[in-house]
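Report on one structure; see the data block that follows.
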Amino acid sequence: MFPLLTVNKLSMDFGGIRAIDKFNMRINAGEIVALIGPNGAGKTTFFNCLTGIYQPTDGELLWTLPNRSSRTLNGLKPHRITEQGLARTFQNIRLFRSMTVLENVMIGRHCRTATTILGAVLRPPSVTREEKETIEISFALLERVGLADVAHERADNLPYGAQRRLEIARALATEPLLLLLDEPAAGMNPQEGQELEALIRSINNDQIAVLLIEHDMQLVMRLADHIFVLEYGRLIAEGAPEKIRNDPAVIRAYLGEEGIHHA
Amino acid sequence: TYAENTIKIGVTGAHQGDLASYGLPSLKATQLVVKDINSQGGINGVPIELLAEDDGCKPEVATNVATKLVAAGVKAVIGHVCSGPTKATLPIYRDANVVVISPAATTPNLSQDGTYQNFFRTIAADDAQARLQTDFTLQTLKAKKIAILHDKGDYGKGLAEYARTFIEQSKDAKVVLFEGVTPGAVDYSAVIQKIKRSNADAVLFGGYHPEASKIVGQMRQKRLTIPFVSDDGVKDATFLKVAGKDAEGVYATGPADVSNNPIAIMYRDKFRAAEGAEPGSFFDNAVAAALALTQAMIKAGTADADALIKALRTQKVATPFGDITFDDRGEPVGIGFFIYQVQNGRFVLVQ
Amino acid sequence: MLELQNIDVFYGNIQALHDISITIRQGEIVTLIGANGAGKSTTLMTISGILPPRHGRVIFLNQQISGLMPDRIVQLGISQVPEGRHIFPALTVSENLDLGAFLRRDHAAIADDKAWLYGLFPILEKRRQQPGGTLSGGEQQMLAIARALMARPKLLLLDEPSMGLAPLITKQIFEILLKLNKEHQTTIFLVEQNANLALRIAHRAYVLENGRVVLQGDAAVLRDNPVVQKAYLGM
Amino acid sequence: MITRHDLRHAGLTGLWFMFLTFPLVVIKINPIEHTVHWRWSNMVWIGVVSFLASLTIRLVQGRRRTGENEKQQSLLQTSVRQFDLLRRPAFFRAALITSSVLLISFPLFFSSYQVNILTTALMYVVLGLGLNIVVGMAGLLDLGYVAFYAVGAYTYALLHLHFNLGFWMVLPIGGLLGALFGLLLGFPVLRLRGDYLAIVTLAFGQIVRLILENWSEFSKGPSGIANIARPGLFGLTLSPEATITYLYYLMIGLVGLTVFVVNRLQNSRIGRAWQALREDEIACQAMGIDKTKIKLSAFALGATWAGMAGVFFAAKTTFVNPASFTFIESAIILCIVVLGGMGSIAGVMVGALILILLPEYLRAVADYRMLAFGAILVVMMIVRPQGLIAPKRRTYTLPSTHNPVNSSDVPASDR
Amino acid sequence: MEYFIELLFSGLTRGSIYALIALGYTMVYGIIGLINFAHGEMYMIGAFTGLIVAEILLIYQFPLPAVFVLTALAAVIWSSAYGFTVERIAYRPLRKAPRLAPLISAIGMSIFLQNYVQLVQTADFLPFPSLIPEFAFLEPYAGIIGSTDAAILVVSLIAMLLLSVMVKWTRIGKAMRATAQDQKMALLVGVNVDRIISFTFILGSGLAAIGGVLIASHVGQINVFIGFIAGIKAFTAAVLGGIGSIPGAVLGSYVLGLTESLTTGYVSSDYEDVFAFALLVLILIFRPSGLLGKASVDKV
Ligand SMILES: Nc1ncnc2c1ncn2[C@@H]1O[C@H](COP(=O)(O)OP(=O)(O)OP(=O)(O)O)[C@@H](O)[C@H]1O
Ligand SMILES: Nc1ncnc2c1ncn2[C@@H]1O[C@H](COP(=O)(O)OP(=O)(O)OP(=O)(O)O)[C@@H](O)[C@H]1O
Ligand SMILES: [Mg+2]
Ligand SMILES: [Mg+2]
């Protein structure tokens with residue numbers, strides 16, 4: 001186990017609001033980590049800092065690959081970060097709505113393929129091969145998330161739950177080492193939630209680390225190896241699920257007195 | 001002898017849209033002349049057939065029109081009216097050996113280098129007009145500081161540039177301002193303030209009447225009363241109507257006053273009888289062009305370009321402007337420019 | 001109070017609802033559950049007059065409302081928390097709330113209601129002057145609910161109100177709903193993925209599958225129905 | 001069946017239009033003589049025509065069954081939908097072959113005037129396909145596209161004037177310069193979104209034209225540059241008619257090349273990235289696409305075709321001046337793209353042919369020509385807002401397993 | 001210094017002219033996100049209607065103030081009616097269509113209306129009577145600012161103030177803002193979206209008509225093409241100020257007008273438009289949403 005991502009004293013301000021306040025965290029390769037906290041705690045904002053959509057006000061994001069020295073993610077453009085091996089889904093689904101399901105996944109392959117404009121026009125064998133490979137990989141991913149039979153539907157014709165899974169497939173197509181999921185179970189019924197759980201486990205089995213934001217506590221408790229809890233941008237607790245479940249601060253701020261059992 | 005049973009002649013210019021008022025009079029004039037010729041038995045017994053085409057004053061449309069006319073087998077073309085289209089189409093006509101007589105295209109460089117032996121016109125070129133304007137401004141108005149404005153267009157800017165050159169050559173006066181105004185702009189007060197500041201004692205304007213009337217109007221609003229000298233694009237009835245009171249005192253160059261010429265009177269009367277309106281711009285020029293062309297055809301006895309060109313160069317034709325001939329470059333000899341001034345709502349010839 | 005009679009709704013040529021009949025009585029909480037794409041949101045949009053039914057009628061308080069313009073329907077006392085929140089992104093939180101009360105003219109009471117809702121959702125008061133679009137997902141959800149309440153509806157339609165809310169807040173919101181229902185006699189029609197929770201607070205429930213009502217009855221009874229348990233409660 | 005309700009509606013419509021058009025259509029003043037001319041008969045006409053038109057539209061649309069907003073398919077819509085026939089592979093192939101044959105043999109049967117017009121239309125096909133890269137595929141609304149066209153045209157005009165370079169030499173240079181200007185425009189607008197982008201491109205188009213117009217030392221100003229050489233054919237001198245035919249076939253070649261390249265780009269990694277950019281910029285970046293590179297490449301490639309078309313334009317008219325590159329020109333090219341069907345190659349081709357040939361042939365109804373043109377634009381958009389031929393999503397088959405996922409094998413070019 | 005002040009006022013006049021048209025542009029854009037290319041035609045139609053009415057009234061020798069008021073009123077009534085009708089015919093059916101479809105429809109409408117007026121009236125330039133009397137108190141400053149200039153300036157400022165107040169504080173203003181951002185949700189809170197959109201078109205067209213009458217009487221002539229040229233400039237001004245923002249439209253117009261007049265004054269009127277457009281590009285590079293526009297909120 002080695003630390004894939006190290007976050008040092010990360011802060012993010014919006015005008016007067018401090019959405020994230022000196023946040024520290026570490027994710028090891030191959031782990032499933034959950035990030036929870038009340039609404040507006042700064043979880044999504046953290047994802048946005050991590051993926052380069054926002055520039056953090058302060059702090060450092062360190063990325064370490066096996067057998068290589070660490071490098072900082074600060075200041076990198078979003079697409080460079082994706083190239084490094086971070087991929088994400090969005091809390092408010094952001095698919096390429098009028099493209100097909102398959103094309104959505106194929107776009108995920110963009111940063112792992114190399115066809116240039118000239119190549120696209122002349123189509124030498126290497127390009128044909130790459131294109132074929134892109135299609136194959138994308139189909140395989142769709143099969144994995146159970147969407148192969150709707151591969152040629154328009155993405156926005158899919159039901160909500162399917163759209164969430166498509167976002168995951170699209171993110172996987174970029175060959176991430178760390179997959180960031182922002183409330184993947186929102187809008188899913190318990191049945192679908194269980195399927196999602198299995199999917200996340202299987203992804204994790206491929207040595208892909210997962211960082212999960214989720215309000216469905218049953219899912220979180222079952223999946224996560226380690227949980228970080230944010231409130232008002234500050235880390236209020238971290239640890240194994242058992243510990244978090246009984247942490248008084250977490251109960252007060254997030255879970256509620258009765259805990260999740262009766263919810 | 002003619003193979004076909006008609007001789008086809010094209011007439012082009014803007015026949016629709018905002019520039020139609022420059023093109024339609026030429027069309028009507030040509031139609032009237034041709035009607036006369038045909039009623040007298042045509043060209044040595046062969047009637048003339050007119051093909052009218054609208055070029056909208058746009059070069060790219062004009063080249064289509066020219067090809068269409070050439071393909072239809074015209075022997076000659078009366079047109080184009082605007083300089084741009086004329087310039088754009090001359091190569092097409094030259095290659096097809098078609099004679100072109102423009103009643104209105106005034107850009108000097110159409111004829112000057114002799115590239116287009118097939119080109120003639122029945123209007124004086126801009127340099128002649130600019131020469132007259134500057135002479136008048138310098139000698140009669142005795143202006144020492146002159147502001148030159150133009151409308152950035154082919155015609156207006158060309159004229160203005162000639163005027164500037166002539167003034168600079170004369171050394172009698174200085175060009176204190178040389179600027180283009182944007183046609184269609186809603187307000188010209190900034191440029192008028194600039195004229196004021198330049199202390200110019202006369203304004204020369206190259207362009208058409210809409211801009212001229214706006215500029216004059218706003219000059220008067222801003223209490224600037226120096227003389228305003230303009231061109232035959234402004235010597236137009238519409239200018240008088242639109243500019244109203246502000247037009248008083250404005251100078252403009254224009255072709256000869258033909259109101260006493262019998263041919264002019266005849267065709268103007270015919271026009272009034274047919275249309276119930278006054279003929280507009282370039283009407284007389286187009287009558288002259290049509291007359292010159294048809295007379296040359298009759299004289300040459302053929303519509304072949306070479307013979308026609310020769311006939312045009314040698315004959316003397318009676319036109320609304322009196323007897324005219326064409327020189328080697330196709331320029332009319334006998335059609336000149338005169339200075340007019342607006343007095344009591346009319347253009348009056350200035351001696 | 002509200003009655004859907006044999007409703008058919010189409011998207012272009014695709015039929016989304018087949019012969020739906022639903023009755024909601026005054027003072028009830030009724031929930032509609034069903035899988036993704038079953039047609040739940042479509043049903044709510046039909047009630048609000050955004051989608052016109054091709055066949056069938058919607059009756060509200062003895063008046064046919066299908067065919068009325070949406071603003072008339074709101075005026076009659078039906079307001080909705082739509083799926084996807086639909087916050088006015090560039091308007092501030094406070095302005096969003098004001099728009100909830102767009103058709104009301106009792107200014108004093110509006111101010112009171114606003115104060116009451118700020119009391120319920122303190123975070124909204126904190127973010128009062130912030131553009132709605134910059135709120136976090138859960139904050140937006142709270143705002144959407146508060147905005148619907150600003151209309152003081154007789155019938156409140158809720159489309160997945162718990163989506164994206166922290167457990168504590170979810171609980172709180174369901175308590176508010178119960179309270180509204182008990183104290184203000186607000187009738188509630190609730191669409192919810194969290195069927196566990198929905199069936200717990202509802203009096204009656206309908207189950208929708210592929211645009212058809214397949215089950216209906218007392219919430220408590222349906223909660224014990226093995227089919228429902230397997231398909232919707234994840235048991 | 002005409003109900004009383006229909007009659008009432010149509011009657012009210014008629015009355016409304018009589019009121020609406022009253023001052024402009026009935027009264028004609030002569031502001032010089034200060035006289036007024038009343039044309040009451042026009043009012044009657046307007047009333048009758050709008051009454052009948054309204055009635056017909058209502059009848060054609062069929063009465064709404066229930067609800068107010070339900071989308072009904074009008075007869076008009078279904079008839080236009082016939083264009084979808086093009087989707088059927090067999091039909092598509094047949095249409096393709098027939099139209100190619102027709103195009104190639106066209107000069108044999110028609111006058112050089114017709115050929116000339118068609119050449120112009122084909123030039124707009126190239127322009128439309130180029131703009132389609134920017135607007136249709138990458139979703140960047142460009143209202144200044146004509147600037148690149150001007151760059152191409154002046155490149156040829158000036159290089160020919162000063163250095164006597166020939167058409168074939170300048171064609172690639174024009175394309176390259178077009179691309180360069182595309183980049184030049186691309187850089188400042190990288191940060192802009194939606195309609196702000198539109199206005200900056202519009203401004204850019206204006207700036208280019210204004211500079212050409214005012215900087216006489218460089219461009220010869222408004223009087224333009226004449227006497228540009230036509231394309232050469234191994235030093236042969238061609239008759240005017242032959243030149244026109246020659247230009248026509250050159251244009252066909254250029255169109256073919258454009259279609260080939262654009263089609264290949266569209267179905268490639270690059271084309272997909274453009275479309276992703278159009279759909280969602282943020283998600284696009286998050287998928288590892290370099291937004292800057294992709295946007296710039298769309299601008300540059302789109303401009304390349306405009307540059308080449310510009311060179312061709314200069315060679316064809318043998319004359320260029322700034323007046324040929326006004327905003328209206330950009331608007332027309334945009335109309336071609338949208339009306340034909342954004343992102344659809346076949347659509348853009350049909351759009352160009354219709355919009356360029358239409359005014360030519362509407363000359364028959366001289367006075368009503370542009371009136372009809374405007375009305376047709378509006379009606380076509382209402383009847384067919386997604387364009388005549390909407391782009392079809394490409395379906396892929398899984399190459400390894402011989403198990404086509406989607407049986408309809410749609411030709412790639414008809415996307 | 002005096003020269004500068006002269007240029008300043010000519011810039012303000014120009015700016016106010018643009019503002020009268022830009023306000024309508026920005027309102028229509030604000031509410032349905034459509035670059036309404038036909039908006040300039042509303043201005044043109046206003047001017048034509050105004051000319052017709054003014055001529056008739058002048059023939060019957062009405063007093064000048066009455067002529068001005070009635071002319072403006074008639075222009076507003078008919079322009080609004082055209083605005084309303086155009087929206088119903090050409091834009092409403094396209095509410096749910098792809099984004100560019102209404103844009104093309106607007107271009108078509110613009111072409112149609114130009115040619116319609118040309119057909120039923122004339123393509124020629126027509127003189128427009130001066131409806132605003134020379135104010136005696138302005139006479140000493142006539143070289144700097146005329147009475148028409150002053151009238152245009154004042155009217156554009158009043159229009160901006162009234163509109164800003166309306167949009168910010170009134171119910172209908174709130175409904176407009178709601179409609180602008182999310183039509184479906186506006187319906188769900190009880191806004192009659194169709195009516196609000198119609199109202200916006202009526203208001204915008206009416207303003208354009210007032211502009212038409214004032215500007216025509218300033219310039220002294222009209223023809224059917226004035227709408228298009230002025231429309232492009234007004235559109236530029238609206239974007240410069242931040243499209244959708246009412247004070248922005250006026251500010252943008254002033255910036256544009258001043259740039260043009262100062263360029264003319266200190267550089268050359270040849271390049272006034274080049275400078276104006278270049279300034280637009282520059283400003284948008286540094287403020288991608290215009291001077292007073294709000295960056296669009298796009299929470300990820
Ligand atoms: N662009 C922004 N401008 C201003 N404030 C913002 C912006 N983005 C986020 N915020 C604020 O920062 C805080 C954190 O938001 P964030 O979206 O990260 O919350 P979250 O933890 O993801 O909550 P949720 O569980 O509800 O999604 C919120 O209070 C939000 O209002
Ligand atoms: N705008 C639309 N156009 C076409 N089809 C649609 C549209 N909206 C929804 N549908 C289809 O109608 C059906 C019902 O959708 P609806 O949104 O009502 O489902 P739902 O029960 O609310 O699902 P979810 O749990 O995902 O919210 C689905 O099959 C969906 O694909
Ligand atoms: Mg979040
Ligand atoms: Mg739903």
Side-chain angles (χ1 to χ4, degrees), chain B residues 15-17 20 52-54 56-73 82-98 107-110 113 115-116 126 150-158 161 179-180 182 237-238 240-242 244 345, chain D residues 30-33 110-121 123 153 206 209-210 212-214 216 220-230 237-244 247 313-314 316-326 328-329 356 359-360 363 366-371:
Chain B
H15 297 161
Q16 289 163 26
E53 285 296 335
D54 177 17
C57 256
K58 296 199 180 78
E60 64 272 25
V61 181
T63 53
N64 282 352
V65 163
T67 348
K68 184 172 183 183
L69 289 174
V70 167
C82 299
S83 290
T86 314
K87 218 180 302 180
T89 52
L90 276 180
I92 299 176
Y93 294 126
R94 177 193 56 194
D95 294 349
N97 239 344
V98 169
T107 303
N109 63 15
L110 290 174
D113 57 2
T115 322
Y116 301 109
D126 288 339
H150 59 84
D151 66 356
K152 303 188 184 176
D154 190 1
Y155 164 72
K157 191 172 182 181
E161 274 167 351
E179 298 220 344
T182 312
T238 321
L240 298 175
K241 296 169 190 163
V242 172
Chain D
N30 183 332
I32 292 106
E33 262 91 63
F110 290 90
S111 73
S112 55
Y113 168 69
Q114 307 285 349
V115 175
N116 202 11
I117 302 265
L118 193 57
T119 312
T120 308
M123 203 158 68
Q206 297 287 325
R209 198 201 78 230
L210 289 166
L212 289 175
E213 200 167 87
N214 288 306
S216 298
K220 305 227 149 196
S223 65
I225 299 171
N227 251 328
I228 303 166
R230 294 220 160 84
T237 32
L238 298 170
S239 73
E241 263 108 88
T243 316
I244 287 165
L247 279 168
F313 170 78
K316 176 171 170 290
T317 44
T318 69
F319 174 77
V320 295
N321 75 355
S324 302
F325 307 104
T326 54
I328 285 294
E329 206 68 16
I356 300 306
E360 257 339 300
R363 277 176 195 282
D367 285 350
Y368 300 93
R369 181 166 81 113
M370 291 313 281
L371 191 80

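Neither the backbone nor the side chain of D/Lys220 comes within contact range of chain B; no heavy atom of the residue lies under 4.5 Å from a heavy atom of that chain. Contacts of D/Thr120 with chain B are made by side-chain atoms alone, with heavy-atom separations under 4.5 Å and no backbone atom involved. Both the backbone and the side chain of D/Asn214 come within less than 4.5 Å of a heavy atom of chain B. Looking at D/Thr318, only its side chain comes within 4.5 Å of chain B, counting heavy atoms on both sides. Of the atoms belonging to B/Tyr116, it is side-chain heavy atoms, and not backbone ones, that fall under 4.5 Å from chain D.
Ranked by heavy-atom pairs under 4.5 Å with chain D, the first of B/Gly180, B/Gly156, B/Ala72, B/Ala88 is B/Ala88. For the set B/His15, B/Glu60, B/Lys58, the count of heavy-atom pairs under 4.5 angstrom toward chain D peaks at B/Glu60. For chain B, the option among D/Thr119, D/Ile117, D/Asn227 with the highest count of heavy-atom pairs below 4.5 Å is D/Asn227. Among the candidates B/Pro91, B/Pro59, B/Ser83, the residue making the largest number of heavy-atom pairs closer than 4.5 Å to chain D is B/Pro59. Among B/Ala66, B/Gly84, B/Ala62, the residue with the largest count of heavy-atom pairs under 4.5 Å with chain D is B/Gly84.
Under a 3.5 Å cut-off, the side chain of B/Lys87 and the backbone N or O of D/Ser223 do form a donor-acceptor pair.
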Query - Verdict with supporting geometry, D/Asn116 and B/Thr67, side chain to side chain donor-acceptor pair (under 3.5 Å) - result: CA-CA 8 Å; D/Asn116 202 11; B/Thr67 348; 2.6 Å; yes

Requested in this report: For side chain to side chain contact (heavy atoms under 4.5 Å, CB included), just list the numbers for D/Phe319 and B/Leu90, CA-CA rounded to whole Å, side-chain angles, deciding distance to a tenth of an Å, and then say yes or no.
Outcome: CA-CA 10 Å; D/Phe319 174 77; B/Leu90 276 180; over 6 Å; no

Report task. Show the numbers, then the answer: is there a side chain to side chain contact (heavy atoms under 4.5 Å, CB included) between B/Glu53 and B/Val61? Result -> CA-CA 10 Å; B/Glu53 285 296 335; B/Val61 181; over 6 Å; no

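When side chains are defined from C-beta on, B/Tyr155 does not count as touching B/Thr107, because their heavy atoms never get closer than 4.5 Å.
Heavy-atom neighbours of B/Lys157 NZ from other residues, nucleotides or ligands within 6.0 Å: above the threshold of 12.
One distance of note links CG of B/Leu69 with CD1 of B/Ile92; it measures 10.0 Å at 0.5 Å rounding.
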